[in-house]
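Each remark here refers to the structure printed beneath this line.
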Amino acid sequence: MMMRDFLNGLVGTSAVFSRTVSETDVSGFAQITGDDHPNHTDESYARSVGLGGRVAQGALLVGFIAGASSRYLEQVGRPAVSYGYDNVRFLNLVGIGDRLEIIYEITGVDHAKNNAAATVHITNERGELVAAGTNILHFTSS
């Protein structure tokens with residue numbers, strides 16, 4: 001199959017990745033990255049500043065987008081790499097115990113670059129949009 005036909009066939013395809021944010025996710029991410037701000041690591045601090053409790057790091061949510069991308073690439077069965085994330089916004093707080101659904105949908109292609117753009121929406125168990133953005137995938141020619 002020609003790359004152009006392959007890319008055209010991606011538009012509208014999607015994958016869903018679900019994850020419950022755990023204490024281990026937030027504390028482990030803080031340890032690995034150094035993002036150990038009290039918003040993420042100190043329950044009483046997070047409550048005192050009006051967050052209602054500890055919240056997940058935004059970059060952790062971007063990691064969940066990468067997880068959704070991996071699920072998508074498993075479905076497609078063709079090698080690709082992430083070229084990055086655009087316009088990522090954190091719209092609502094995500095707390096420990098929140099159940100997230102990451103919806104990853106290809107919404108456009110760039111034939112000249114062999115790229116596909118995925119629109120990503122992350123919602124919590126209450127149906128609230130907590131984050132959104134775009135992930136760019138670059139498909140190799142083989």
Side-chain angles (χ1 to χ4, degrees), residues 1 3-4 6-142:
M1 174 185 291
M3 180 62 78
R4 182 175 197 79
F6 169 75
L7 289 172
N8 285 338
L10 296 180
V11 175
T13 60
S14 63
V16 176
F17 175 58
S18 297
R19 175 83 182 198
T20 298
V21 179
S22 72
E23 159 66 31
T24 302
D25 294 335
V26 174
S27 61
F29 193 82
Q31 266 190 326
I32 291 167
T33 64
D35 188 358
D36 58 0
H37 189 278
N39 289 344
H40 315 303
T41 60
D42 184 329
E43 185 71 23
S44 61
Y45 173 86
R47 288 188 184 283
S48 75
V49 297
L51 298 176
R54 294 169 51 209
V55 296
Q57 299 91 337
L60 177 60
L61 301 182
V62 174
F64 292 155
I65 294 172
S69 166
S70 292
R71 298 312 167 281
Y72 180 77
L73 291 173
E74 287 170 6
Q75 289 176 196
V76 173
R78 186 154 191 162
V81 295
S82 176
Y83 261 20
Y85 302 89
D86 294 336
N87 303 313
V88 176
R89 297 294 178 265
F90 308 114
L91 306 166
N92 279 298
L93 299 174
V94 173
I96 294 170
D98 281 358
R99 178 83 178 152
L100 303 179
E101 182 175 77
I102 302 92
I103 302 168
Y104 188 95
E105 180 180 0
I106 302 298
T107 54
V109 296
D110 180 337
H111 294 101
K113 296 179 180 177
N114 292 343
N115 290 351
T119 298
V120 183
H121 293 102
I122 304 177
T123 57
N124 62 22
E125 67 275 7
R126 295 175 298 283
E128 299 165 331
L129 185 64
V130 298
T134 302
N135 177 225
I136 307 299
L137 290 175
H138 174 72
F139 287 89
T140 60
S141 55
S142 58

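Start at 1 with the first residue, then count along the sequence.
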field: Step-by-step side-chain contact (heavy atoms from CB on, under 4.5 Å) determination, Asp35 to His40
entry: CA-CA 8 Å; Asp35 188 358; His40 315 303; 3.4 Å; yes
- request: Evaluate the side-chain proximity of Val109 to Phe6: yes if any heavy-atom separation is below 4.5 Å, no if none is.
  value: no
- prompt: Could you give all pairs that pass the side-chain hydrogen bond (donor to acceptor under 3.5 Å, both in side chains) test and reach residues 57-68, with sequence neighbours left out?
  reply: none
- prompt: Is there a side-chain contact between Tyr45 and Leu51, using heavy atoms and a 4.5 Å cut-off?
  reply: no
- request: Please name the pair of heavy atoms, one in Ala68 and one in Ala15, separated by the smallest distance, quoted to 0.1 Å.
  value: O-CB, 4.2 Å
query: Is Glu43 atom CD crowded by more than 12 heavy atoms from other residues, nucleotides or ligands, each under 6.0 Å away?
result: yes
Sub-4.5 Å side-chain heavy-atom contact between Ile65 and Phe17: no
message: Nearest 0.5 Å, please: how far is NZ in Lys113 from CG in Leu137?
response: 14.0 Å
message: Rounded at 0.5 Å granularity, tell me how far OG in Ser27 sits from CD1 in Ile96.
response: 7.5 Å
query: Would a distance-only check, ignoring hydrogens and angles, find a side-chain to backbone donor-acceptor pair under 3.5 Å from Ser70 to Ala66?
result: yes
message: With rounding to the nearest 0.5 angstrom, report the CG to CG distance, Leu7 to Leu10.
response: 5.5 Å
query: Got a second to check how far Phe64's CZ is from Arg19's CZ, nearest 0.5 Å?
result: 5.0 Å
query: Without hydrogens or angle criteria, can the side chains of Thr119 and Thr107 be said to hold a donor-acceptor pair below 3.5 Å?
result: yes
query: Under the 3.5 angstrom rule, does the side chain of Thr123 hit a backbone N or O of Leu129 as a donor-acceptor pair?
result: no
task: Scan for side-chain hydrogen bond (donor to acceptor under 3.5 Å, both in side chains) pairs involving residues 89-102, sequence neighbours excluded, and state none if there are none.
output: Thr20-Arg99
message: To the closest 0.5 Å, what do you measure between CG (Leu100) and CD (Glu128)?
response: 11.0 Å
- line: ring pair (Phe, Tyr, Trp, His ring centres under 6.0 Å) pairs touching residues 75-118, sequence neighbours excluded, are Tyr72-Tyr104, Tyr83-His138
query: So, do Glu105 and Val120 sit near enough that their side-chain heavy atoms are less than 4.5 Å apart?
result: no
task: Please determine which of Val26, Val21, Asp42, Leu93 meets the side chain to side chain contact (heavy atoms under 4.5 Å, CB included) test together with Arg54.
output: Val26
- request: Measure across Phe139 and Ala116 and return the closest heavy-atom pair with its distance rounded to 0.1 Å.
  value: CE1-CB, 3.9 Å
field: Reported CG-to-CG distance for the pair Leu61 and Leu91, which is rounded to 0.5 angstrom
entry: 10.0 Å
task: May I ask you to test the Ile136-Asp86 pair for a side-chain heavy-atom distance under 4.5 Å?
output: yes
message: Main chain of Ala117, side chain of Asn135: is a donor-acceptor contact present, judged purely on distance under 3.5 Å?
response: no
message: Could you check whether any side-chain heavy atom of Thr41 comes within less than 4.5 Å of a side-chain heavy atom of Asp36, counting everything from C-beta outward?
response: yes
